[in-house]
Amino acid sequence: QVQLVESGGGLVQAGGSLRLSCVASGRIFGRFNMAWFRQVPGKAREFVAADSRGDTYYADSAKGRFAVSRDNTKRTVYLQMVSLKPEDTAVYYCGVPTDPSGTSYYPVSVEKEYRYWGQGTQVTVSS
């Protein structure tokens, strides 16, 4: 089993920055594959970014503004967000696939590829 805990969300003005954290525990070893998604009420969970098999991937909406980094010693992955916009307002979740250390290809932006999820952290961007 894998447990994930997100933190770092909050209220920020447009143009501001936040850094989200995702701490993993349980059956996590070394550099694990993961992704960030976000969700607003009434809509499906939306892919934001992923760090998988040594590469990073970003949704078009996140490119140039968001960056994924990690501290493997702390089993923590970060999502640094700058130049935030009101449309970034959502609950942000981190997800880990069934095989966190797998090297096989999988579509990183597809929600169903991820078995483990955290409880989410709310990000609100005011205009």
Side-chain angles (χ1 to χ4, degrees):
Q1 289 289 351
V2 174
Q3 294 79 44
L4 303 168
V5 178
E6 303 96 335
S7 63
L11 173 63
V12 64
Q13 289 187 330
S17 303
L18 283 174
R19 189 178 76 160
L20 307 184
S21 300
C22 172
V23 180
S25 61
R27 295 186 61 81
I28 286 284
F29 308 100
R31 187 185 185 97
F32 57 95
N33 301 324
M34 65 81 60
W36 288 96
F37 282 71
R38 65 187 183 187
Q39 189 172 26
V40 298
K43 291 191 175 182
R45 206 167 285 189
E46 174 190 38
F47 171 74
V48 176
D51 187 342
S52 174
R53 292 166 286 130
D55 287 322
T56 52
Y57 307 82
Y58 296 94
D60 287 343
S61 59
K63 287 178 182 176
R65 300 188 301 125
F66 295 3
V68 177
S69 62
R70 61 168 69 222
D71 183 340
N72 289 330
T73 64
K74 297 180 180 179
R75 294 194 288 186
T76 300
V77 182
Y78 305 98
L79 182 68
Q80 178 69 51
M81 306 186 294
V82 301
S83 302
L84 283 163
K85 306 174 182 179
E87 51 264 43
D88 294 319
T89 295
V91 178
Y92 283 71
Y93 299 89
C94 60
V96 168
T98 301
D99 182 4
S101 301
T103 57
S104 299
Y105 168 81
Y106 66 94
V108 298
S109 63
V110 176
E111 182 185 356
K112 67 178 182 179
E113 294 292 334
Y114 299 89
R115 176 177 180 182
Y116 305 103
W117 295 94
Q119 82 291 346
T121 185
Q122 175 71 48
V123 171
T124 303
V125 184
S126 63
S127 57

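Side chain of T76 to backbone of K74: a donor-acceptor contact under 3.5 angstrom is found.
Shown here for Y116 and L4, the closest heavy-atom pair between the two residues is O-CD1, 3.5 Å. N33 and G102 make their closest contact through ND2-O, 2.9 Å (heavy atoms, listed as atom of the first residue, atom of the second, distance). What you find for N72 and G30 is that their closest heavy atoms are OD1-O, 4.3 Å. P100 approaches T98 most closely through the heavy-atom pair CD-O, 3.2 Å. In terms of heavy-atom proximity, S127 sits nearest to A14 at CA-CB, 4.4 Å.
Counted within 6.0 Å of CZ on R53, heavy atoms from surrounding residues, nucleotides or ligands total more than 12; the atom is thus considered enclosed.
A heavy-atom distance below 4.5 Å is not found between the side chains of P97 and E113.
The side chain to side chain donor-acceptor pair (under 3.5 Å) contacts involving residues 80-91 comprise R38-D88, R65-D88, where partners must be two or more places apart or lie in separate chains. For residues 73-93, no residue pair satisfies the ring pair (Phe, Tyr, Trp, His ring centres under 6.0 Å) rule, not counting sequence neighbours. Within the structure, ring pair (Phe, Tyr, Trp, His ring centres under 6.0 Å) pairs that include any residue of residues 50-76 do not occur (at least two apart or interchain). Legend: disulfide bond (SG atoms under 2.5 Å apart) pairs involving residues 43-75, not counting sequence neighbours: none detected. Sorted by first and then second residue, the salt bridge (Lys or Arg N to Asp or Glu O under 4.0 Å) pairs involving residues 90-102 (not counting sequence neighbours) form an empty list.
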Extract all donor-acceptor atom pairs below 3.5 Å that involve side chains of residues 17-24 and protein atoms in other chains or at least two apart in sequence.
none

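One finds the CD atom of Q122 at 12.0 Å from the CD atom of E6 (value rounded to the nearest 0.5 Å). With rounding to the nearest 0.5 angstrom, the CG atom of D51 is 12.0 Å from the SG atom of C94. Taking OG1 from T56 and CZ from R70, the interatomic distance works out to 10.5 Å, rounded to the nearest 0.5 Å. Here the OG atom belonging to S101 is positioned 11.0 Å from the CZ atom belonging to R31, to the nearest 0.5 angstrom.
In this view, R75 satisfies the salt bridge (Lys or Arg N to Asp or Glu O under 4.0 Å) rule with no residue, not counting sequence neighbours. For V5, the side-chain contact (heavy atoms from CB on, under 4.5 Å) test picks out Q119, with sequence neighbours left out. Contacts of R115 classified as salt bridge (Lys or Arg N to Asp or Glu O under 4.0 Å), with partners at least two apart in sequence or in another chain: none. Considering only residues two or more places apart in sequence or on other chains, F37 meets the ring pair (Phe, Tyr, Trp, His ring centres under 6.0 Å) condition with F47, Y114, W117. Listed by chain and residue number, nothing satisfies the side chain to side chain donor-acceptor pair (under 3.5 Å) test with S104 (two or more places apart in sequence, or in another chain). Listed by chain and number, the residues in a side chain to side chain donor-acceptor pair (under 3.5 Å) with D60 are K63 (sequence neighbours excluded).
Using a 3.5 Å distance cut-off with no hydrogens or angles, the side chains of Y106 and S52 do pair a donor with an acceptor.
In the hydrophobic clustering of this structure, V108 does not group with V77; members are Ile, Leu, Val, Met, Phe, Trp, Tyr whose side-chain heavy atoms approach within less than 4.5 Å, directly or through other members.
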